[in-house]
Amino acid sequence: MMFVINVAYFIAAVLFIVGLKQMSHPASARRGIVWAGVGMLLATAVTFFHPEIKHNYFWIILAMLVSSVLAWWSGKKVAMTDMPQMIAIYNGMGGGAAAAIAAVVLLQNDVYDPLDKVTQILAVLGALIGAIAFSGSTVAYAKLEGLIKKSFRFNGQQMVNMAVFGVTVLLGLYLALSGTNYGGFALFVFFVLALAFGVMATTPIGGADMPVVISLFNALTGLAVGFEGYVLENPAMMIAGIVVGSAGTLLTQLMAKAMNRSISNVLFSNFGEVSSGEDDEVEGSMKPIEAPDVAAMMAYAEKVIVIPGYGMAVAQAQHKIWELTKLLQEKDVEVKFAIHPVAGRMPGHMNVLLAEAGVPYDIIFDLDEINEEFPTTTVTLVIGANDVVNPVARTNPDSPIYGMPILDADKAENVIVIKRGKGAGFSGIENHLFYQDNTRMLYGDAQQMISAITAAVKTF
Amino acid sequence: MMEGFIALYIFMLAGFTGYEIISKVPVILHTPLMSGSNFVHGIVVVGAMVALGHAEGFLQTLIGFIAVVLAAGNAVGGYVVTERMLEMFKTSNKEKSS
């Protein structure tokens with residue numbers, strides 16, 4: 001039987017790699033997830049016959065059924081806009097599972113027949129990483145879902161975090177090297193500390209940095225799964241886990257690079273800390289405008305660039321925007337979409353939403369492709385984006401977002417900002433764009449405002 | 001136990017594989033790909049099954065049960081959201097590739 005199981009695991013590993021490869025090309029992406037899904041089904045099915053499974057079949061099936069139904073239902077029901085936090089929570093669950101596996105293995109470790117050192121070290125390491133990914137992802141989920149609104153920060157926070165992390169690692173080292181019979185208590189303290197560290201490390205990180213953090217936790221979970229795969233002598237877990245670990249690390253780097261920051265900078269910098277950027281006075285004032293005036297500007301414009309942000313996602317305004325776009329195109333207005341790499345809550349988040357609405361790819365552009373076009377643009381329409389168009393990233397070295405590449409919306413002839421209220425962005429930094437002479441603020445829900453503009457454009 | 005160096009080779013090769021397969025991914029696929037790789041590490045479910053399958057006593061069984069619940073959620077949820085996201089790319093891509 002073990003032979004059949006190993007063959008199935010081998011095929012599953014191949015399918016995962018092929019699936020991921022296909023997922024990285026738009027044309028074959030859909031096939032990719034199906035192949036990976038087949039691999040997963042195959043691996044899961046043969047595991048029921050695994051010789052190491054001696055009993056508890058009832059509990060295994062019950063756990064799988066309950067969890068699958070709940071996950072299926074929540075995954076189907078969730079709105080496209082809330083995808084990032086769903087990925088975060090599912091990812092956290094994977095990390096938690098890896099940590100729980102390690103806990104079972106370590107609890108079973110026998111005084112008289114202990115596991116070898118390498119296995120123990122990897123089990124503990126996987127437990128540490130998995131537990132951190134679990135609690136950290138849960139915090140990320142809670143933040144994006146709006147359950148946690150504030151970013152808790154205090155002086156010397158990093159020192160405290162590092163101290164907790166150091167103690168956790170030392171305790172883990174002790175667990176791994178002492179080798180035998182933990183009596184449970186040290187193991188319990190170890191898990192509590194690891195979980196606490198995940199929470200403490202994630203809570204101070206806010207807004208724009210969250211995509212990087214979720215991606216990082218995704219990579220970490222992959223590593224944890226890979227390590228526990230070694231412990232359980234399961235090559236499918238080893239391969240899939242490490243492949244995800246390295247792919248996730250690369251993805252994290254790409255995202256951090258898009259924001260011109262290093263990963264350590266994201267994790268340990270004082271982003272949005274109270275002392276910096278708070279006291280900078282902004283000259284000028286925010287000037288409101290009404291929808292019909294915006295419609296007039298756009299209907300007679302030569303070129304319009306739309307910059308969508310999280311506000312568009314929240315208001316579900318993507319369909320209305322596509323409607324407006326088509327209308328403007330009929331009037332020979334050139335319409336383009338400019339997407340910042342970290343607009344929304346994840347890279348590609350805006351692309352997914354616009355794809356959902358049916359906006360074709362060839363009018364959607366990346367930051368590098370479109371930035372030089374802003375000076376020749378009649379109207380730039382900013383929909384619920386904030387930090388990614390804040391010119392202080394270019395001008396003010398004291399600003400926490402200084403150095404982050406931004407869309408040069410401020411260079412357009414006219415800038416219209418659709419925004420719900422006068423508050424600052426997710427990072428809490430004042431946006432100087434809003435105070436510019438050529439900027440007008442359209443206050444209200446993005447979907448309603450776009451509808452109002454569309455209705456007015458029709459009358460021209 | 002598995003031969004240590006073979007495991008090391010597996011880790012090394014898998015690491016390079018992961019790096020290679022996504023090195024040229026377009027930005028539009030970043031979120032779906034993150035979601036897809038999130039699904040792939042849902043393979044942890046087979047480990048969770050084994051862990052629960054040889055768990056002894058209440059505490060181990062409880063932890064093993066939690067492991068299977070979490071892992072199955074990772075796999076199923078990861079699949080559903082990835083599939084939903086990529087579903088939307090299907091039609092648009094046909095238009096573009098033609």
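Note on naming: letters A, B, ... go to the chains in the order of the sequence lines (proteins, then strands), and numbering restarts at 1 for each one. Note that the coordinates shown come from a computational prediction; the quantities given were computed from them, not determined experimentally.
Contact of the B:Val46 side chain with the A:His50 side chain is not registered, since no non-hydrogen atoms from C-beta on lie closer than 4.5 Å. In this structure, the side chains of B:His41 and A:Asn91 come closer than 4.5 Å at one or more pairs of heavy atoms. Between A:His55 and B:Glu56 the shortest side-chain heavy-atom distance falls below 4.5 Å. Looking at heavy atoms from C-beta onward, A:Thr44 lies in side-chain contact with B:Met49 at the 4.5 angstrom threshold. At least one side-chain heavy atom of A:Phe227 sits less than 4.5 Å from a side-chain heavy atom of B:Phe11. Residues A:Val243 and B:Ile21 are in side-chain contact: their nearest non-hydrogen atoms beyond the backbone lie under 4.5 Å apart. Residues B:Val69 and A:Val66 fail the side-chain proximity criterion, which asks for heavy atoms closer than 4.5 Å. Side-chain contact check for B:Val45 versus A:Met64: some heavy-atom pair is nearer than 4.5 Å.
Of the atoms belonging to A:Asn218, heavy atoms from both backbone and side chain fall under 4.5 Å from chain B. With a 4.5 angstrom heavy-atom cutoff, B:Leu13 does not touch chain A via any of its atoms. For A:Glu52, the parts lying near chain B are the backbone and the side chain together; criterion is any non-hydrogen pair under 4.5 Å. Contact of A:Val46 with chain B is not made at all, since no heavy-atom distance falls under 4.5 Å. Heavy atoms closer than 4.5 Å to chain B are found nowhere in A:Ile5, neither backbone nor side chain. At a 4.5 Å heavy-atom cutoff, A:Tyr57 makes no contact with chain B through either its backbone or its side chain.
Between B:Phe65 and A:Ala63, the shortest heavy-atom contact is CE1-CB, 3.4 Å. The shortest heavy-atom contact between A:Ser246 and B:Ala14 is OG-O, 4.0 Å. Considering every non-hydrogen atom in both B:Val44 and A:Ala97, the closest pair reads CG1-CB, 4.0 Å. Residues B:Ala67 and A:Ala100 share a closest heavy-atom pair of CB-CB, 3.6 Å. Of all heavy-atom pairs between A:Gly75 and B:Val80, the closest is C-CG1, 3.5 Å. Residues A:Met40 and B:Gly42 approach most closely at CE-C, 3.7 Å, considering heavy atoms.
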* Stepwise, does the side-chain contact (heavy atoms from CB on, under 4.5 Å) test hold for B:Ile10 with A:Ile239? -> CA-CA 7 Å; B:Ile10 293 180; A:Ile239 293 172; 3.7 Å; yes
* Please test A:Leu20 against B:Ile22 for side-chain contact (heavy atoms from CB on, under 4.5 Å), starting from the C-alpha separation and ending with a verdict. => CA-CA 8 Å; A:Leu20 276 176; B:Ile22 74 146; 5.6 Å; no
* Show the numbers, then the answer: is there a side-chain contact (heavy atoms from CB on, under 4.5 Å) between B:Met85 and A:Ile87? => CA-CA 12 Å; B:Met85 265 187 264; A:Ile87 298 174; 3.9 Å; yes
* Step by step, work out the side-chain contact (heavy atoms from CB on, under 4.5 Å) result for B:Leu86 and A:Met23. => CA-CA 9 Å; B:Leu86 293 175; A:Met23 266 186 256; 4.0 Å; yes
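Of the residues considered (A:Glu228, A:Met86, A:Lys54, A:Lys76), A:Lys76 shows the highest number of contacts with chain B, using heavy-atom pairs under 4.5 Å. For the set A:Glu356, A:Met93, A:Met237, the entry with the most heavy-atom pairs within less than 4.5 Å of chain B is A:Met93. Counting heavy-atom pairs under 4.5 Å between each of A:Val78, A:Val69, A:Ile242, A:Leu232 and chain B puts A:Ile242 at the top. Ranked by heavy-atom pairs under 4.5 Å with chain A, the first of B:Val76, B:Thr61, B:Asn38 is B:Asn38. By number of non-hydrogen pairs under 4.5 angstrom with chain A, the leading residue of B:Ile63, B:Thr17, B:Leu52 is B:Leu52. Highest contact tally toward chain B, considering only A:Thr221, A:Leu70, A:Val118, is held by A:Thr221 [criterion: heavy-atom pairs under 4.5 Å]. When the candidates B:Ala48, B:Ala51, B:Ala55, B:Gly77 are compared by the number of heavy-atom contacts under 4.5 Å with chain A, B:Gly77 comes out ahead.
At most 12 heavy atoms of other shown residues, nucleotides or ligands fall within 6.0 angstrom of atom CZ in B:Phe16. The environment of CZ in A:Phe365 is crowded: more than 12 heavy-atom neighbours from other residues, nucleotides or ligands sit within 6.0 Å.
For the atom pair CD1 of B:Ile43 and CE of A:Met238, the computed distance is 13.0 Å after rounding to the nearest 0.5 Å. Note: B:Tyr79 OH to A:Trp72 CH2 = 7.0 Å, rounded to the nearest 0.5 Å. Distance OG/A:Ser24 to CD/B:Glu20: 10.5 Å, rounded to 0.5 Å. Distance CG/B:Leu70 to CZ/A:Phe134: 5.5 Å, rounded to 0.5 Å.
Not one N or O on the side chain of B:Arg84 forms a donor-acceptor pair closer than 3.5 Å with the backbone of A:Met83. A side-chain donor-acceptor contact under 3.5 Å links A:Ser67 to the backbone of B:Gly73.
If you check the side chains of A:Asn56 and B:His54, you find no donor sitting under 3.5 Å from an acceptor.
In this structure, B:Glu83 pairs ionically with A:Arg30, as a charged nitrogen and a carboxylate oxygen lie closer than 4.0 Å.
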